[in-house]
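Notes follow the structure.
Note that these values count all heavy atoms, side chains included, but never hydrogens, waters or copies made by symmetry. Naming convention: chains lettered A, B, ... in sequence-line order (proteins, then strands); numbering from 1 in each chain.
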Protein chains: 4
Amino acid sequence: MPRVSEEHLERRRQQILDAARLCFARKGFHDSSMQDVFAESGLSAGAVYRYFKSKDDIIAALATQTMTEIREVMAEAIHAETLPTPAELIALLAQNIVARSGPEGPVRLAPQAWSLALVKPEATGYVREAILAMRDIWHEYADKMLTAGWLPEDADTNAVAVALIGLLPGFILQHLIIGDPSPETLARGVRTLLPYGEPATR
Amino acid sequence: MPRVSEEHLERRRQQILDAARLCFARKGFHDSSMQDVFAESGLSAGAVYRYFKSKDDIIAALATQTMTEIREVMAEAIHAETLPTPAELIALLAQNIVARSGPEGPVRLAPQAWSLALVKPEATGYVREAILAMRDIWHEYADKMLTAGWLPEDADTNAVAVALIGLLPGFILQHLIIGDPSPETLARGVRTLLPYGEPATR
Amino acid sequence: MPRVSEEHLERRRQQILDAARLCFARKGFHDSSMQDVFAESGLSAGAVYRYFKSKDDIIAALATQTMTEIREVMAEAIHAETLPTPAELIALLAQNIVARSGPEGPVRLAPQAWSLALVKPEATGYVREAILAMRDIWHEYADKMLTAGWLPEDADTNAVAVALIGLLPGFILQHLIIGDPSPETLARGVRTLLPYGEPATR
Amino acid sequence: MPRVSEEHLERRRQQILDAARLCFARKGFHDSSMQDVFAESGLSAGAVYRYFKSKDDIIAALATQTMTEIREVMAEAIHAETLPTPAELIALLAQNIVARSGPEGPVRLAPQAWSLALVKPEATGYVREAILAMRDIWHEYADKMLTAGWLPEDADTNAVAVALIGLLPGFILQHLIIGDPSPETLARGVRTLLPYGEPATR
DNA sequence: CATGAATGAGGCTTCATTCAT
DNA sequence: GATGAATGAAGCCTCATTCAT
């Protein structure tokens with residue numbers, strides 16, 4: 001007979017994650033202290049530790065959540081009625097990334113999660129799963145490209161997925177660190193290289 | 001042990017960088033303590049601090065050095081007599097990356113540097129420069145692609161560079177975190193997508 | 001041990017200041033380590049740093065407190081119903097100083113604060129204020145001397161304050177470093193020089 | 001059969017003391033590192049340590065030298081043919097102090113030495129001696145005041161010295177920390193209080 | 001005689017986490 | 001359930017001094 005509703009608990013959890021996301025996006029996993037999270041969330045130390053067992057726990061939850069969101073955008077896109085060309089798909093994803101890349105946006109957590117995966121065995125697992133899941137979707141997309149006749153019949157769609165998936169981290173890094181390439185520029189580059197469905201073929 | 005040669009000094013510097021590289025590749029920038037570096041280098045705290053004024057200084061030197069090395073491999077490749085196809089070029093780079101990706105290899109520093117750039121203003125500068133320099137080389141390559149007739153005459157070679165550059169971080173992350181795609185797989189994927197110079201066109 | 005009273009917090013603060021005063025009086029600001037303060041106070045590092053943000057902060061609090069105390073003694077004395085002669089006043093102050101000059105007494109902090117003010121810009125401010133405040137009181141006293149007819153009508157009471165204020169640091173240094181002059185000796189010297197209110201004038 | 005002349009050694013010693021004086025006046029005993037002294041003197045670590053056995057040794061030499069200088073000025077003054085009044089004497093001394101109080105002047109070492117004497121047993125000795133020697137001179141002056149008829153015949157000239165000596169540290173501190181009182185102001189204050197030899201007596 | 005690279009103890013401070021209230 | 005004061009290990013770096021060259 002819990003005193004507080006399940007819903008209340010979930011709300012508290014999310015409140016903490018939101019605060020942590022702001023902190024981590026601003027200052028990074030390591031340079032944000034738990035004190036920062038307490039202050040940002042408006043909760044006490046004890047309260048936060050009731051919902052998460054450790055700082056790593058919060059990071060794991062947040063990293064997973066963030067990578068899941070990007071994946072969902074992509075999943076939705078490739079399941080649309082008309083198959084988007086790579087350029088269209090990438091334009092959509094890049095726009096979404098930009099929208100979530102503000103100074104406190106969740107996309108800033110992605111490179112930190114990649115880095116963490118190299119260094120903390122506990123993190124390796126969930127980052128790995130997230131990347132594999134992402135690659136599965138790209139694989140699925142590559143299969144559809146094959147079906148659409150955009151790839152030779154004997155194409156190794158897994159290899160194609162391995163190649164295409166790089167477009168995203170490439171864009172994320174350029175966007176976050178340099179700040180310049182617009183989604184349109186990236187899409188134009190991709191369209192130039194992979195001009196499927198364009199009026200003029202190569 | 002005074003009045004040592006310039007060369008000795010440089011050797012000491014490199015000795016410290018080598019030790020730091022091992023530490024950082026193994027445990028990450030943050031989780032490697034300076035004590036780790038002292039122990040790994042066989043030098044005392046004071047000795048290390050004679051050559052580098054802070055831990056951040058070592059990180060900067062190492063990150064810059066590492067990113068420069070990768071860039072040089074690429075620069076050399078695209079200046080070869082015969083212009084490599086994207087697949088050939090990527091195969092070469094990916095092989096190089098794999099060779100430097102052992103448990104203590106310098107490539108493991110790259111994602112850490114990207115992450116650092118988002119979080120430490122002092123790091124932003126040199127990581128940014130490294131990425132821009134890399135993109136310049138890709139831009140140069142894209143220009144050569146144009147000249148080789150692999151791109152339409154009105155192609156935006158800058159946009160092409162923005163797209164192509166992603167192949168590298170994409171591969172690095174997959175290789176370091178998942179461990180699976182071989183350089184050949186990546187090259188095959190690229191060759192499938194960009195079949196320039198292949199006997200049979202699409 | 002949360003949700004403690006305001007009073008508890010203040011007690012802790014004073015507990016730390018008391019411990020620090022002992023340490024600093026014994027070994028000086030610089031030669032007392034924070035570890036010494038932790039040990040003397042019976043608190044952990046973290047606890048101390050909850051109340052003071054740095055060692056300098058503790059020093060500042062202590063120096064100010066100490067200089068304020070001496071000033072209060074003097075303020076009280078010169079506001080007494082009957083104006084004390086310089087000799088009486090100095091006797092009182094010197095007695096007070098001796099009482100606070102034990103091996104762990106706060107007066108030992110004064111010369112250290114003067115020294116600090118020459119060397120640490122952050123300290124200059126509060127030491128300066130303390131000296132100026134002290135001089136204001138001496139100025140006030142000099143004005144009363146004028147009113148009492150102890151000074152010529154056209155006397156520059158500010159200049160008199162500048163001169164008289166030296167009696168204190170002079171006594172403090174002699175007492176702390178040499179150990180010998182008693183308050184009575186000093187008072188006798190002053191009475192000899194400034195025999196106001198004495199039965200026989202010069 | 002020394003290789004270098006005694007004179008050369010003495011010159012080196014003084015070169016080091018001069019450099020150290022600059023450093024210590026600027027940043028204080030503690031905050032000046034030996035490295036600072038090496039740099040300022042243009043000598044190597046080994047060279048400096050050939051002439052002084054330790055940092056404390058340099059401090060001791062410098063503190064003693066400085067306090068001796070001030071004493072000599074005073075000794076000379078009171079041995080002049082005509083006995084100066086206290087106001088005249090103090091004016092002279094204060095002028096001398098001001099002249100040596102520049103940002104790198106030796107007078108800045110005095111308060112540091114006083115402070116040191118409270119804290120380092122090795123320093124207590126020589127600071128104590130310096131103060132006692134100074135007081136001896138004031139005592140001598142007080143005796144002359146007696147002879148000049150400025151003091152009652154039964155005056156305790158030692159007590160008078162104890163009182164008068166404070167004028168100097170008082171002025172030094174006000175001058176160094178606050179910066180304001182001019183030698184003239186101090187002298188005017190003293191003349192007001194001790195108007196010996198003035199046309200109009202009290 | 002001089003050099004200056006090397007030493008290494010020790011200083012200040014931070015911060016994830018706990019638990020008495 | 002919540003609070004927040006307290007813990008204490010561990011991190012980065014400085015600096016007086018030595019001694020091989």
Side-chain angles (χ1 to χ4, degrees), chain A residues 2-4 8-9 12 30-39 42-59, chain B residues 1-5 8-9 12 30-39 41-58, chain C residues 1-5 8-9 12 30-38 41-58, chain D residues 2-4 8-9 12 29-39 42-59:
Chain A
R3 302 278 182 71
V4 293
H8 172 79
L9 292 177
R12 271 273 193 272
H30 174 67
D31 290 344
S32 301
S33 68
M34 287 300 285
Q35 291 297 337
D36 290 337
V37 176
F38 303 154
L43 294 174
S44 69
V48 170
Y49 273 86
R50 169 163 291 280
Y51 294 93
F52 293 92
K53 154 168 128 296
S54 68
K55 185 180 184 182
D56 284 350
D57 219 36
I58 299 182
I59 292 173
Chain B
M1 210 172 296
R3 193 159 278 167
V4 296
S5 61
H8 170 84
L9 263 44
R12 270 274 187 273
H30 174 67
D31 290 345
S32 302
S33 69
M34 287 304 286
Q35 290 299 337
D36 291 338
V37 176
F38 305 153
S41 67
L43 293 171
S44 68
V48 169
Y49 276 90
R50 166 170 283 278
Y51 294 90
F52 295 92
K53 79 177 189 309
S54 67
K55 184 180 184 181
D56 282 351
D57 215 34
I58 298 183
Chain C
M1 208 173 297
R3 191 162 278 166
V4 296
S5 62
H8 170 84
L9 262 47
R12 271 272 188 274
H30 174 66
D31 290 345
S32 301
S33 69
M34 287 303 285
Q35 290 299 337
D36 291 338
V37 176
F38 304 153
S41 68
L43 292 172
S44 68
V48 170
Y49 275 89
R50 166 170 283 278
Y51 294 90
F52 294 93
K53 81 177 187 308
S54 68
K55 186 180 182 180
D56 282 350
D57 214 36
I58 297 182
Chain D
R3 303 278 183 72
V4 294
H8 171 81
L9 292 177
R12 272 270 192 276
F29 293 151
H30 174 66
D31 289 346
S32 300
S33 68
M34 288 301 285
Q35 290 299 335
D36 291 337
V37 176
F38 304 153
L43 294 173
S44 68
V48 170
Y49 273 88
R50 170 163 291 282
Y51 295 92
F52 292 92
K53 157 169 127 296
S54 68
K55 185 180 183 180
D56 283 350
D57 220 34
I58 299 182
I59 291 173

Among F:dT18, F:dT3, E:dG4, the nucleotide that comes nearest once only the side chain of A:S44 is considered: F:dT3
Given E:dA16, F:dA6, F:dA2, which nucleotide is nearest the side-chain atoms of A:K55? E:dA16
Considering heavy-atom distances to DNA chain E, does D:G46 or A:D56 have its closest nucleotide positioned more toward the 5' end? D:G46
Distance, rounded to the nearest Å, where A:H30 contributes NE2 and F:dG11 contributes P: 11 Å
In whole Å, I'd like the distance from the CZ atom of D:F52 to the C1' atom of F:dT18. 19 Å
Could you tell me which non-hydrogen atom of A:S54 sits nearest to which non-hydrogen atom of A:Y49, and how far apart they are? CA-CE2, 4.1 Å
What is the distance, rounded to the nearest whole Å, between atom CZ of A:R12 and atom C1' of F:dG1? 10 Å
Interatomic distance, C:L43 atom CG to C:R12 atom CZ [nearest 0.5 angstrom]: 5.0 Å
Whether B:H30 and A:H30 hold their rings parallel, tilted or perpendicular, with breakpoints at 30° and 60°: tilted
When you get a sec, tell me which of E:dG11, F:dA16, F:dA6 is the closest nucleotide to the side chain of C:S33? E:dG11
What is the nucleic acid contact for B:Y51, judged by heavy atoms within less than 4.0 Å: base, sugar-phosphate only, or nothing? sugar-phosphate
D:L43 has an atom CG; how far is it from atom C1' of E:dG4, in whole Å? 13 Å
Between B:V48 and C:Q35, which has a closest nucleotide on DNA chain E that is more 5'? B:V48
Give the rounded distance in Å between these two atoms: CG of C:D31 and C1' of F:dA16. 13 Å
Side-chain atoms of D:A45 come closest, of E:dA9, F:dT3, E:dG4, to E:dG4
B:S32 or D:S54, whichever maps to the more 5' nucleotide of DNA chain F: B:S32
Do you know which two heavy atoms are closest between B:L9 and B:Y51, and how far apart they sit? O-CE2, 3.7 Å
Please, what dot-bracket string fits DNA chain F when only Watson-Crick and G-U pairs with both distances under 3.5 Å count, crossing ones use [ ] and pairs to another strand use |? .||||||||||||||||||||
Given 3.5 Å as the limit, does a donor-acceptor pair link the side chain of D:K55 with the main chain of D:F29, or not? yes
Partner residues of A:S32 under the side-chain contact (heavy atoms from CB on, under 4.5 Å) criterion, sequence neighbours left out: A:C23, A:F24, A:K27, A:D36
For D:R50 and E:dA2, is the shortest distance between a side-chain N/O and OP1 or OP2 below 4.0 Å? yes
Can you tell me the distance, in whole Å, between the OH atom of B:Y49 and the P atom of E:dG11? 18 Å
Return the value, rounded to whole Å, for the distance between atom CD1 of A:I58 and atom C1' of E:dC15. 14 Å
Nearest-neighbour nucleotide for the C:A47 side chain, F:dT7, E:dA6, F:dC13 considered: F:dT7
Residues forming a side-chain hydrogen bond (donor to acceptor under 3.5 Å, both in side chains) with B:D31, sequence neighbours excluded: A:K120
A:M34 CE to E:dC15 P, in whole Å, measures 12 Å
Nearest-nucleotide pick for A:F38, side chain only, options being E:dT7, E:dT17, F:dC12: E:dT17
So, does C:H8 get its side chain near the phosphate of F:dG4, meaning an N or O under 4.0 Å from OP1 or OP2? no
